[in-house]
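Worksheet for the structure shown next.
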2 protein chains.
Amino acid sequence: MPDLTALETAFETAGHRLTRPRRALAELIEARDGAFSAADLVADAQGRRLGIGRATIFRAIELLEEIGALERIDLPTGEHAYVPCGPAHHHHVVCRRCSRSVEIGDLGLGALARDIARKTGYRIDVHRLELFGLCPDCQLASVPA
Amino acid sequence: MPDLTALETAFETAGHRLTRPRRALAELIEARDGAFSAADLVADAQGRRLGIGRATIFRAIELLEEIGALERIDLPTGEHAYVPCGPAHHHHVVCRRCSRSVEIGDLGLGALARDIARKTGYRIDVHRLELFGLCPDCQLASVPA
DNA sequence: CGTCCAATCGAGACTGTGTATCACTTGGTT
DNA sequence: AACCAAGTGATACACAGTCTCGATTGGACG
Ligand SMILES: [Zn+2]
Ligand SMILES: [Zn+2]
Ligand SMILES: [Zn+2]
Ligand SMILES: [Zn+2]
């Protein structure tokens, strides 16, 4: 099975079938190169007349999220978006204009979380850091002066 | 106008009318003492037969969020919750069992965001840190041994 | 290769969240 | 007390996401 993309491989190594709809969705996601919403994917699929059902798209997203190949981001608007990513703990910086995102490592956040746990008395299980702004390209595009 | 609660005062000082439904909702929110969903509030209001319309509840939440008296939290499940809070920049630690939340200050996050901006080249406008775990009370309740 | 069946799919109904509309009510000012 | 812009409630609507079920298929096995 040569030429498997990262997401296609993710399906396989997690023990799930590599079906035609999943392959197509993996391609669509990878072609996007950034954060996307479920609606984006549905539109992409319809646009290419791939005959993929809406439910299948939501199921694929859910599965990729469980596998750890996709992570949900909550945009400042309240909408949900998803971004492809590796399994290690990390966070994302997302461009609010083109949706391209960069992963960042822990950068001391683990220590910060422990500090917060100590100060508040809470036992902290999950933390989430999301950053939004303009990527280098979009900065140039929006400040042409 | 004596005995105004924090949220009631927030409506007034932001230049909005202090109506009967808003007063009632302010009370319901303050009685909850923690993060709550819109559905929670709707249920509370219906339970007390206050005759407050669903739309009014969503409008009040939206308004309080604009004012800065309420902040949206995105739970790990993907649901939206809201937590009462002051206007200064801060973040929240939310108990995943009882929903009580504690505000925490910047704690070096501003510096971390600047560091990330420098490393990634992104211009960062918004950052969001949310922490979830068990509050001291719920730790005791769940580890009785 | 052909068989087989659990995993998966597509269609469509359904639930839940949040918004828009619009005629009616009311807080707060004069 | 009178006024009216701000606010409200009922309802219709738009959209996200889930569930069900009969039909399809990946890939294991012989
Ligand atoms: Zn960009
Ligand atoms: Zn982290
Ligand atoms: Zn608790
Ligand atoms: Zn901060």
Note to self: Counting only heavy atoms and a strict 4.0 angstrom limit, can you tell me which residues of residues 56-66 of chain B come near DNA chain D?
What the structure shows: Thr56(B), Arg59(B)
Next item on the list: Check the distance between dA7(C)'s P and Glu12(A)'s CD and give it to me in whole angstrom.
Entry: 16 Å
Checklist line | Options dG9(D), dG18(C), dT17(C), nucleotide nearest the side-chain atoms of Ala39(B) | finding: dT17(C)
Note to self: As an exercise, state the distance from NE2 of His90(B) to CG of Leu129(B), rounded to the nearest 0.5 Å.
What the structure shows: 11.5 Å
Check: Is Ile29(B) reachable from Leu63(B) through a run of I, L, V, M, F, W or Y residues, each pair having side-chain heavy atoms under 4.5 Å apart?
Finding: yes
Check: Does the pair Arg128(A) and Arg72(A) meet the rule for a side chain to side chain contact (heavy atoms under 4.5 Å, CB included), with working shown?
Finding: CA-CA 11 Å; Arg128(A) 186 142 110 248; Arg72(A) 197 192 68 237; 3.5 Å; yes
Note to self: Starting from Leu70(A), can I reach Ile73(A) by hopping between I/L/V/M/F/W/Y residues whose side chains sit under 4.5 Å apart?
What the structure shows: no
Notebook entry, point to check: For Gly51(B), which contact category applies under a 4.0 Å heavy-atom criterion: base, sugar-phosphate, or nothing?
Noted result: sugar-phosphate
Note to self: Without decimals, in angstroms, what is the distance between Leu18(A) CG and dT24(D) C1'?
What the structure shows: 16 Å
Next item on the list: Could you state the atom-to-atom distance from CG of Asp40(B) to P of dG18(C) in whole Å?
Entry: 11 Å
Margin query: Whole angstroms only, please: what is the CD1-C1' distance between Ile67(A) and dA7(C)?
Written below: 14 Å
Check: What distance separates Leu7(A) CG from Glu30(A) CD, expressed to the nearest 0.5 Å?
Finding: 4.0 Å
Checklist line | Short side-chain N/O contact from His16(B) to OP1 or OP2 of dG27(C), under 4.0 Å | finding: no
Name the pairs: protein N/O against N/O of nucleotides 4-6 of chain C, kept only if under 3.5 Å.
residue	atom	partner	partner atom	Å
dA6(C)	N3	Arg17(A)	NH2	3.0

Check: So what does Arg22(B) hit on the nucleic acid, given a heavy-atom distance under 4.0 Å: a base, only sugar-phosphate, or nothing?
Finding: sugar-phosphate
Notebook entry, point to check: Does one side chain, of Asp74(A) or His80(A), offer a donor that lies under 3.5 Å from an acceptor on the other?
Noted result: yes
Notebook entry, point to check: Which whole-number value in Å describes the distance from Glu79(B) CD to dA16(D) C1'?
Noted result: 13 Å
Notebook entry, point to check: Given dT8(D), is OP1 or OP2 found less than 4.0 Å from the side-chain N or O atoms of Thr19(B)?
Noted result: yes
Notebook entry, point to check: Rounding to a whole Å, what distance do you find between Phe11(B):CZ and dT8(D):C1'?
Noted result: 13 Å
Next item on the list: Measure distances between side-chain N and O atoms of Arg54(A) and base N and O atoms of dG17(D), and say whether any donor-acceptor pair falls under 3.5 Å.
Entry: yes
Next item on the list: Please assess Glu103(A) against His91(A) for the test side chain to side chain contact (heavy atoms under 4.5 Å, CB included), listing each intermediate value before the final yes or no.
Entry: CA-CA 6 Å; Glu103(A) 291 188 7; His91(A) 303 279; over 6 Å; no
Check: In whole angstrom, what separates His80(B)'s NE2 from dG17(D)'s C1'?
Finding: 13 Å
Item checked: Distance in Å, Ile104(B) CD1 paired with Ile116(A) CD1, rounded so as to fall on 0.5 Å steps -> 3.5 Å
Check: Nearest-Å distance, CD (Gln46(A)) to P (dG10(C))?
Finding: 12 Å
Check: Measuring from Cys95(B):SG to Tyr122(A):OH, what's the distance to the nearest 0.5 Å?
Finding: 6.0 Å
